[in-house]
There are 2 protein chains.
Amino acid sequence: MFKKVLVAEDLDSISIAVIQVLEDLKIPTIHHVKYCDDGLLRIKKALVENAPYDLVISDLSFKSDHRKTVLSSGEDLIEAINAVQPSLKKIVFSIEDKSYRIKSLFNDLNINAYVSKGRNSINELRKAIEGTFKGEEKILSSDLSFSFNDKTLIEIESYDISILKLLAQGYILENIASEFKSSSITPNGTSSIEKRINKLKIYFKANNNVHLIAIAKDFGLV
Amino acid sequence: MFKKVLVAEDLDSISIAVIQVLEDLKIPTIHHVKYCDDGLLRIKKALVENAPYDLVISDLSFKSDHRKTVLSSGEDLIEAINAVQPSLKKIVFSIEDKSYRIKSLFNDLNINAYVSKGRNSINELRKAIEGTFKGEEKILSSDLSFSFNDKTLIEIESYDISILKLLAQGYILENIASEFKSSSITPNGTSSIEKRINKLKIYFKANNNVHLIAIAKDFGLV
DNA sequence: TTTGTATTTACGGGTTTCCGTAAGGAAATG
DNA sequence: CATTTCCTTACGGAAACCCGTAAATACAAA
């Protein structure tokens, strides 16, 4: 079984249960951080001390408080981890249940398992830890109904998300175009962006931009 | 200390920690339900058996799944409780940190304490339980920064919410006006509605309608 | 009733979205 | 090299918005 595990979870009420599972599994070294920044620090430190972690269990959303942070979400943390220790096994334990977001965790961030916080999630978490140790891939807790084959939301790509994000921040077409130009995201003509928004509106059956953003918010896309 | 406590919380990862607190406090009878409906049932049963609960600790949001439910949220549950056993002490333990929603819990649903799930919430929960037992009123976990006096969001009324809801559904000004006319909501001239939207934009510092709805979604207003 | 005030509605022009059409350019095919 | 196809960009008119001002209405006080 795993020898050294890091838990990144801000809610104490949840971390207690997660740590209990790890103790039940006789993991010798269990560390727990409440902020993403601390998590990355620990992992880097373990690397230089030649005693790296072999599993990380992370939440996705972290409450923001008085403390200034660089990494503000589980996604940020995992991305940072992938830069320093890509071989580290990663399990995400979160309330999120939108298929699009979970798929991108597997595809873009290369996580090993996703467990959705729910009515029977502690069992699921234990199974995911054991499965990850055995080398199983793309483990998904059983209460998640979607499959990796369904095409829903798969064709929404990061380009679309960028547009939606800027729209949600009050940008007008022209601003989005110049923003894209300065970030060298392409295509960046107002017309192309307009067309892409139009596709999104058709896809989500939205009457107008306002409607579109409301739907995007509901889907957790922005 | 309390003798009989009911915990309504769907996430097993959290209920474990809550129950642990109650056990530490030597509560003799602790019951736990994962659905609001079950919670109400238990409370009614305890009443007819002449062994009523003296405290309920409830979450606000419950995941929906295959099971059909009558009560779908903590608010629903507490409202139902107030109908059958208004004297029952009520503590809400939730991730919600929007001041106007919490205020309405105290003012409309008459709860005794609110504890926000956070990095040190188990301690806060314990203090809230003890405080409630001693008869303290309107207990608020200390990480919540707002006070009951600040006017923020208090002046947003149901009329504004109606407008925001319709905007989020893709209605244009004209549609909103006629919708209001047929529901005899007044004022219902396009111009008046426009002006009201403008006030909201100033209030929330939104650049345009799209931005406004994005913000409203973030605040949980729609 | 009259006056004053505040709220609601109407109006207008400038901006942005909305939506169709078409021009320009790059890559692929033959 | 010519043609096709796809993608990006440009353009233009109608609809909806944004925002200020002015007229109409409602309502309370004198």
Side-chain angles (χ1 to χ4, degrees), chain A residues 151 153-219 221-222, chain B residues 151 153-219 221-222:
Chain A
K151 288 276 194 286
L153 282 173
I154 211 108
E155 58 261 38
I156 306 287
E157 29 180 307
S158 66
Y159 180 74
D160 301 281
I161 307 290
S162 303
I163 294 177
L164 291 171
K165 281 222 172 90
L166 293 176
L167 273 179
Q169 286 170 38
Y171 282 58
I172 65 172
L173 272 180
E174 213 180 310
N175 297 146
I176 296 177
S178 45
E179 180 68 30
F180 278 8
K181 268 165 200 142
S182 62
S183 312
S184 56
I185 295 174
T186 160
N188 51 37
T190 57
S191 193
S192 300
I193 296 168
E194 209 174 343
K195 273 205 166 10
R196 197 62 165 254
I197 293 174
N198 209 32
K199 272 189 188 166
L200 289 169
K201 279 192 288 209
I202 292 167
Y203 186 88
F204 286 114
K205 303 191 210 317
N207 298 339
N208 51 42
N209 283 359
V210 177
H211 197 188
L212 178 64
I213 288 304
I215 293 170
K217 281 274 178 193
D218 287 339
F219 273 92
L221 293 174
V222 287
Chain B
K151 288 275 193 289
L153 279 174
I154 216 103
E155 59 261 37
I156 304 288
E157 28 180 307
S158 66
Y159 180 75
D160 302 280
I161 306 288
S162 304
I163 293 177
L164 291 171
K165 282 222 170 90
L166 293 176
L167 273 179
Q169 287 169 38
Y171 283 57
I172 64 173
L173 272 179
E174 213 181 310
N175 297 145
I176 296 177
S178 44
E179 180 67 30
F180 278 8
K181 267 165 201 143
S182 62
S183 310
S184 56
I185 296 173
T186 161
N188 51 37
T190 58
S191 191
S192 300
I193 296 168
E194 211 175 342
K195 270 202 171 10
R196 197 62 166 253
I197 293 174
N198 209 34
K199 271 189 189 166
L200 288 170
K201 279 191 289 210
I202 293 168
Y203 186 87
F204 286 113
K205 304 190 209 317
N207 297 338
N208 51 42
N209 283 358
V210 177
H211 197 187
L212 179 63
I213 288 305
I215 294 169
K217 282 274 178 193
D218 287 338
F219 273 92
L221 292 173
V222 287

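Computed from heavy atoms alone, side chains included, the values below leave out hydrogens, waters and symmetry copies. Every chain is numbered from 1 and lettered A, B, ... according to where its sequence line falls, protein lines coming before strand lines.
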Can you tell me how far apart [atom1] ([X]) and [atom2] ([Y]) are? Round to the nearest 0.5 Å.
| X | Y | atom1 | atom2 | result |
| --- | --- | --- | --- | --- |
| B:Q169 | B:I213 | CD | CD1 | 10.0 Å |
| B:I163 | B:K199 | CD1 | NZ | 10.5 Å |
| B:I215 | A:K217 | CD1 | NZ | 9.0 Å |

Student check: side-chain heavy atoms of [X] and [Y] closer than 4.5 Å:
| X | Y | value |
| --- | --- | --- |
| A:K165 | A:L221 | no |
| A:I185 | A:E179 | no |
| A:L173 | A:I193 | yes |
| B:V210 | A:L212 | no |

What integer distance in Å separates [X]:[atom1] from [N]:[atom2]?
| X | N | atom1 | atom2 | value |
| --- | --- | --- | --- | --- |
| B:Y159 | C:dT7 | OH | P | 13 Å |
| A:R196 | C:dC18 | CZ | P | 17 Å |
| B:I193 | C:dT7 | CD1 | C1' | 14 Å |
| B:I185 | C:dT8 | CD1 | C1' | 16 Å |

Worksheet item: If only atom types and distance count, is the side chain of B:S162 paired as donor or acceptor with the main-chain N or O of B:S158 below 3.5 Å?
Response: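 Checking the backbone N and O of B:S158 against the side chain of B:S162, a donor-acceptor pair under 3.5 Å is found.
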Fill in: A:S184 side chain to A:K181 backbone, donor-acceptor under 3.5 Å
no
Item to complete: Ignoring backbone atoms, test whether A:N175 places a side-chain nitrogen or oxygen under 4.0 Å from the OP1 or OP2 oxygen of C:dT16.
Response: no
Worksheet entry | DNA chain C base-pair string [pairs: Watson-Crick or G-U under 3.5 Å; |: paired with another strand] | ||||||||||||||||||||||||||||||
Fill in: Qualifying residue for side chain to side chain contact (heavy atoms under 4.5 Å, CB included) with A:I197, from A:D160, A:L167, A:N208
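The passing option is A:L167.
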Worksheet item: Nucleotide by nucleotide, 5' to 3', does protein get under 4.0 Å of the base (B), only the sugar-phosphate (S), or neither (-) in nucleotides 21-27 of chain C, counting heavy atoms?
Response: B------
Tabulated below should be each protein N or O lying under 3.5 Å from an N or O of nucleotides 16-18 of chain D; please produce it.
from: D:dC17; atom 1: OP2; to: B:L173; atom 2: N; distance (Å): 3.4
from: D:dC17; atom 1: O3'; to: B:N209; atom 2: ND2; distance (Å): 3.1
from: D:dC18; atom 1: OP2; to: B:K201; atom 2: NZ; distance (Å): 3.0
from: D:dC18; atom 1: OP2; to: B:N209; atom 2: N; distance (Å): 2.7
from: D:dC18; atom 1: OP2; to: B:N209; atom 2: OD1; distance (Å): 2.8
from: D:dC18; atom 1: O5'; to: B:K201; atom 2: NZ; distance (Å): 3.4

Item to complete: Tell me whether the centres of the aromatic rings in B:F180 and B:Y159 are closer together than 6.0 Å.
Response: yes
